[in-house]
Protein chains: 2
Amino acid sequence: MNTTDFDPIESLNFLTNRVSRLLTSRLKVLLGRSDFELPTQCASILADLWKQDGLKQQDLAIAAIKDKATIARALNLMEQHNVIVRRIDEKDKRNKKIFLTYKGVELQQRIWLTSIEISKEATQGISKEEVEICKKVLKSMYNNLKK
Amino acid sequence: MNTTDFDPIESLNFLTNRVSRLLTSRLKVLLGRSDFELPTQCASILADLWKQDGLKQQDLAIAAIKDKATIARALNLMEQHNVIVRRIDEKDKRNKKIFLTYKGVELQQRIWLTSIEISKEATQGISKEEVEICKKVLKSMYNNLKK
DNA sequence: CAAAAATCGTTGCTTTTGCAACGGACTACA
DNA sequence: TGTAGTCCGTTGCAAAAGCAACGATTTTTG
């Protein structure tokens, strides 16, 4: 085992971590310009709510791979800003279901458009085929690791 | 623009974020078993030091895309645990150069081996060619976004 | 049917992180 | 040469995030 064999930039852990961080910080900058008054993390939650209105908090915590307390506090903020609404699940009163308000949907649109813009910046000079393969591999890794 | 067009799992931001988080949490679990007494973030710093002993703190902050104060505190911990040594750069006394101790090198080895193991888990069922393309694309994105 | 175990969201506490301000050291320019 | 501006690491402070414990509710089990 030779020390010089290893290069951090060849490690998937390193690469996904840095790219993710750079994409998020770019998102923060671009959203900040158009008075996005919430912490960037909320953008991630909004994305998860995209196709699945009515999720409970626990679902969101799992989807975001974060602690449920962290999600609860983010939702508090979003509720204060009238971006989401919490409603108790009558079928199981332990759960609170999360719904987007009209303002929340608007925010989603803005985040969506901005992410697309950032993806274009990020994949400049890379062929579409290769980007697609990259996404496919990431999806497989996600499924492998998700448990 | 139709709401149903969007699926978060198709977004590079989402994918890199989740895969990175899952890889890191797996790393935390596996290192935890073999009494890795430092916060997981230190593993990332150790990786950056792999090929470039003698970096200054600012370099590490940039490499890790984190605040220099955050790095300084992580280095404090690592110094307390005799994993690294700080030495003032005599040529420019503003800088402190970071060097690994013997114990630090040992740690690196352990982290390296563990990352390889995790990568194997994560890429199970994916062809090597596609994994390579994925890494290549991530590297390009990294360079595009790094500025 | 009753008691034990599990699930969900909240709260308190601690750790981690980033931002801003500071002092010490170097550089550039007049 | 000296003065202003820049760069580096540290510290104080505030925001963000995880862990553990709790009450309320539901499910399981005997």
Side-chain angles (χ1 to χ4, degrees), chain A residues 17-18 20-22 24-29 31-32 36-46 48-49 54-81 84-99, chain B residues 17-18 20-22 24-29 31-32 36-46 48-49 54-81 84-99:
Chain A
N17 182 8
R18 303 311 152 93
S20 162
R21 192 179 294 275
L22 287 168
T24 302
S25 93
R26 188 89 186 101
L27 184 64
K28 192 175 177 182
V29 170
L31 287 180
F36 177 71
E37 69 267 278
L38 296 166
T40 316
Q41 186 226 340
C42 294
S44 160
I45 295 177
L46 284 171
D48 286 325
L49 279 171
L55 286 177
K56 57 186 179 180
Q57 300 190 190
Q58 183 74 1
D59 293 334
L60 289 171
I62 291 171
I65 318 177
K66 296 204 172 179
D67 190 79
K68 57 185 177 176
T70 303
I71 300 297
R73 285 170 188 131
L75 291 173
N76 287 345
L77 269 180
M78 293 166 78
E79 198 169 31
Q80 284 167 31
H81 284 85
I84 57 127
V85 172
R86 279 189 249 229
R87 207 180 305 156
I88 289 179
D89 182 354
E90 288 302 329
K91 296 186 179 168
D92 184 342
K93 291 180 184 168
R94 292 172 302 183
N95 303 341
K96 292 188 181 176
K97 293 182 163 187
I98 310 299
F99 296 91
Chain B
N17 182 7
R18 303 309 153 94
S20 162
R21 192 178 293 275
L22 286 168
T24 302
S25 93
R26 189 88 186 102
L27 184 64
K28 192 175 176 181
V29 170
L31 287 180
F36 177 72
E37 70 268 277
L38 297 166
T40 316
Q41 185 225 343
C42 293
S44 160
I45 294 176
L46 284 171
D48 287 325
L49 279 171
L55 285 177
K56 57 186 180 180
Q57 299 191 190
Q58 184 74 359
D59 294 333
L60 290 171
I62 292 171
I65 318 177
K66 297 206 171 176
D67 191 78
K68 56 186 176 174
T70 303
I71 301 296
R73 285 170 188 132
L75 291 173
N76 288 345
L77 269 180
M78 293 166 77
E79 198 169 30
Q80 284 167 32
H81 284 84
I84 58 128
V85 171
R86 280 189 247 229
R87 207 180 304 156
I88 289 180
D89 181 354
E90 287 304 328
K91 297 186 179 169
D92 184 343
K93 291 181 182 168
R94 293 173 302 183
N95 303 341
K96 293 187 181 176
K97 294 183 161 187
I98 310 299
F99 296 90

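Every chain is numbered from 1 and lettered A, B, ... according to where its sequence line falls, protein lines coming before strand lines.
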Students should find that the nucleotides of DNA chain D closing off the region near chain A, any atom under 4.0 angstrom from a heavy atom, are D:dA16 to D:dT26
Residues passing the side chain to side chain donor-acceptor pair (under 3.5 Å) test with A:Asp89, sequence neighbours excluded, are none
Exercise for the section: Would you mind reporting whether A:Lys66 and B:Arg21 have side-chain heavy atoms less than 4.5 Å apart? Expected result: yes
note: A:Gln41, atom CD; C:dT17, atom P; distance rounded to Å ~ 15 Å
| Looking at A:Gln57, does any N or O in its side chain come under 4.0 Å of the phosphate oxygens OP1/OP2 on C:dT10? | yes
To the nearest angstrom, the CD1-P distance between A:Ile88 and C:dG9 comes to 11 Å
Residues passing the side chain to side chain donor-acceptor pair (under 3.5 Å) test with A:Asp67, sequence neighbours excluded, are none
Whole-Å distance, B:Lys66 NZ to C:dT16 P, equals 11 Å
Item to check | B:Arg18 (side chain) donor-acceptor with A:Ala63 (main chain) under 3.5 angstrom | outcome: yes
Correct closest heavy-atom pair for B:Leu31 and B:Ala43 would be CD1-CB, 4.5 Å
B:Gln57 meets the side chain to side chain donor-acceptor pair (under 3.5 Å) criterion, sequence neighbours left out, with B:Arg86
A:Lys97 atom NZ is separated from C:dT7 atom P, nearest whole Å, by 19 Å
B:Leu75 atom CG is separated from C:dT16 atom C1', nearest whole Å, by 15 Å
The residue, A:Ile71 or A:Glu90, whose nearest nucleotide of DNA chain D is more 5′ is A:Ile71
Output for pair (A:Ile45 CD1, A:Thr40 OG1), nearest 0.5 Å, gives 11.5 Å
A:Asp89 atom CG is separated from C:dT7 atom P, nearest whole Å, by 16 Å
Side chain to side chain donor-acceptor pair (under 3.5 Å) filter on B:Gln41, not counting sequence neighbours, yields none
Table of protein N/O atoms under 3.5 Å from nucleotides 22-25 of chain C N/O atoms:
none

Quick one: are B:Ser25 and A:Ile65 in side-chain contact, heavy atoms under 4.5 Å?
-> no
Worksheet item: Does A:Arg86 have a side-chain nitrogen or oxygen under 4.0 Å from the phosphate oxygens OP1 or OP2 of C:dC8?
Response: no
Between CG of A:Leu55 and C1' of C:dG9 the distance, given in whole Å, is 15 Å
Rounded to whole Å, CZ of A:Arg87 lies from P of C:dG9 at a distance of 15 Å
Distance-only donor-acceptor test, A:Arg73 side-chain atoms vs C:dG12 base atoms, 3.5 Å: yes
Nearest-nucleotide check on DNA chain C, B:Leu77 vs B:Ala69; residue mapping nearer the 5' end is B:Leu77
